[in-house]
Amino acid sequence: MAKDKNIYVCNACGASSPRWLGKCPACGAWNALVETVAEAPAPGGKNRLGGAHAGLAPAQPVRPLADIEAQDVARTPTGQGELDRVLGGGIVEGAVVLIGGDPGIGKSTLLLQALDALQRGGMATLYVTGEESGAQVALRARRLGLAGSRVAVLAEIQLEKIIATLAEQRPAVAVIDSIQTLYSDQLTSAPGSVAQVRECAAHLTRWAKAQGCAIVLVGHVTKDGQLAGPRVLEHMVDTVLYFEGDTHSSFRLIRAIKNRFGAVNEIGVFAMTEKGLKGVSNPSAIFLSQHAQAVPGSCVLVTLEGTRPLLVEIQALVDGGGPSPRRLSVGLERDRLAMLLAVLHRHAGVACGDQDVFVNAVGGVRISEPAADLAVMLAITSSLRGKPLPKGFLAFGEVGLAGEVRPAPRGQERLKEAAKLGFTVAVVPKANAPKKGDQAFGGLRIHAVERVDEAMALVRGLED
Ligand code: TYD
Ligand code: MG
């Protein structure tokens, strides 16, 4: 019955076929055909764009932009300050949020805590669990100290039943944990397949928009850190959040990758405790490891995450390698590391060609901004020479291929945070150095540099 309603559509060119084929007959792409529901045309044949192509909002007349009233969206705080920060102030009516992260990082924990706080605030909530039984969710709630929670729980993986429950319960916020476990009756493919994930997410999104119910979808990530399932999922939803962090340490970061209702690049910081996730409102120093003595190969940098400066320690180990030396980096881009080693050789005369080089950003943070370059280079030279950088030292700045040190955005804020935490020596790009007579930096001595070799010479001078 269900079978003959389905067609296979090419992900690359959109051509359709009644059967699955390994190669698309239209564009020749391999393995691109996925099952989709073939929608019957709407009765009367008036609405040709029915079914999967139906708009997410009801049809509207065409109007000039100036005549459309701009409404500010109403947000409800989730009771988790750090989660609200990444969401842009709270959960928005009818918004669809996708939240991804490694298994065991705390997605279910955080969402259960948030739902409970919303429920206490008087909103109707529904937690749909496809991965765990109701009893397991209850056990977690006890552990979180939410024994008396009134959050409604449904253990179900069939989309049609979930939609029916949503229609009956009319929650203001619903969590689907996780989208990969759902399946729709309309398709024959297994839960978690591209077709199922896409179809289920599209249905839920349409429901959210039509009924004004905020829906949070939990998504799995693949081994290489991407959200599993079709990329189209990221386009469909309003907000995409990622959980980051080292599962061995207790700190977790949530990063907004996309947000139609707020700023991206804002992060939320949490600590995993006995009683669930707790927000860390002043996270600037959590990624510093505590060395009693200064050690070789370690350099601190100030990175900016959204609006907050974070101090992160970069560690490098340079050691005699075999015939093909290795370059490994954790939390930093490996290609960038190769580039920095080349610049170091060419413009500062520091050769690591025959050495293994390992670089690590402490605490499982991922640093993508180029302002980390100078700190990485200083950590590498420090390890190579076996000499620690001075105590209370930090550096930041982007390094170009010509060996120049370029300014980092909002340098003054970075320096202020470092001064507040008691750092005493900083090497920074010239444009980031404060003007003469600026007293805001307390005991922080600031050295401005324009080139990499200048920075290296300066640091050697500081050691003696
Ligand atoms: P969970 O929310 O189940 O992760 P996800 O849904 O992302 O897979 O988190 C489970 C981990 O968190 C588990 O390893 C135990 C830990 N944890 C705590 O440390 N304290 C707590 O209070 C809870 C509920 C979990
Ligand atoms: Mg979970």
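FYI, side chains are in, hydrogens and waters are out, and symmetry mates aren't considered; it's all heavy atoms of this structure. Numbering of ligands and ligand atoms starts at 1, following listing order.
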the protein heavy atom lying closest to atom 6 (O) of ligand 1 turns out to be Ser108 OG, 2.6 Å

Donor-acceptor pair between Glu160 and Ser184 side chains, under 3.5 angstrom
yes

So, Glu35 versus Ser189: side-chain donor-acceptor pair below 3.5 Å or not?
yes

Quick note on ligand 1: atoms under 4.0 Å from a heavy atom of Leu144 include exactly 22 (O), 24 (C)

Of Glu274, Arg143, His220, the residue with the heavy atom nearest atom 18 (C) of ligand 1 is Arg143

Partner residues of Arg336 under the side chain to side chain donor-acceptor pair (under 3.5 Å) criterion, sequence neighbours left out:
Asp373

The atoms of ligand 1 lying under 4.0 Å from a heavy atom of Lys275, numbered in the order shown, are 22 (O)

Top protein contact for atom 3 (O) of ligand 1, by heavy-atom distance
Arg140 NH2, 2.7 Å

Determine, for Glu417 against Lys420, whether the closest basic-nitrogen to carboxylate-oxygen distance falls under 4.0 angstrom.
yes

Got an N, O or S from Ser108 under 2.8 Å of the Mg ion (ligand 2)?
yes

Distance-only side-chain donor-acceptor flag, Asn259 / Thr239, under 3.5 Å
yes

Ala141, Ser178, Gly276, Gly104: member with heavy atom nearest to atom 5 (P) of ligand 1
Gly104

For ligand 1, which atoms have a heavy atom of Thr109 less than 4.0 angstrom away?
1 (P), 2 (O), 9 (O), 24 (C)

Can an N or O of Gly106 be found at a distance shorter than 3.5 Å from an N or O of ligand 1?
yes

Do Thr181 and Glu131 have a side chain donor and acceptor closer than 3.5 Å?
no

Geometric cation-pi criterion Arg75 and Phe261, 6.0 Å radius, 45° cone
no

Numbering as shown, the atoms of ligand 1 that approach Pro103 to under 4.0 Å (heavy-atom distance):
8 (O)

Looking only at protein heavy atoms, what sits closest to atom 12 (O) of ligand 1 is Met272 CE, 3.1 Å

Could you work out, for atom 21 (C) of ligand 1, the closest of Thr273, Leu277, Val137, Ile105 by heavy-atom distance?
Thr273

When you check the gap from the basic side-chain N to the acidic O, do Glu369 and Arg410 get nearer than 4.0 Å?
no

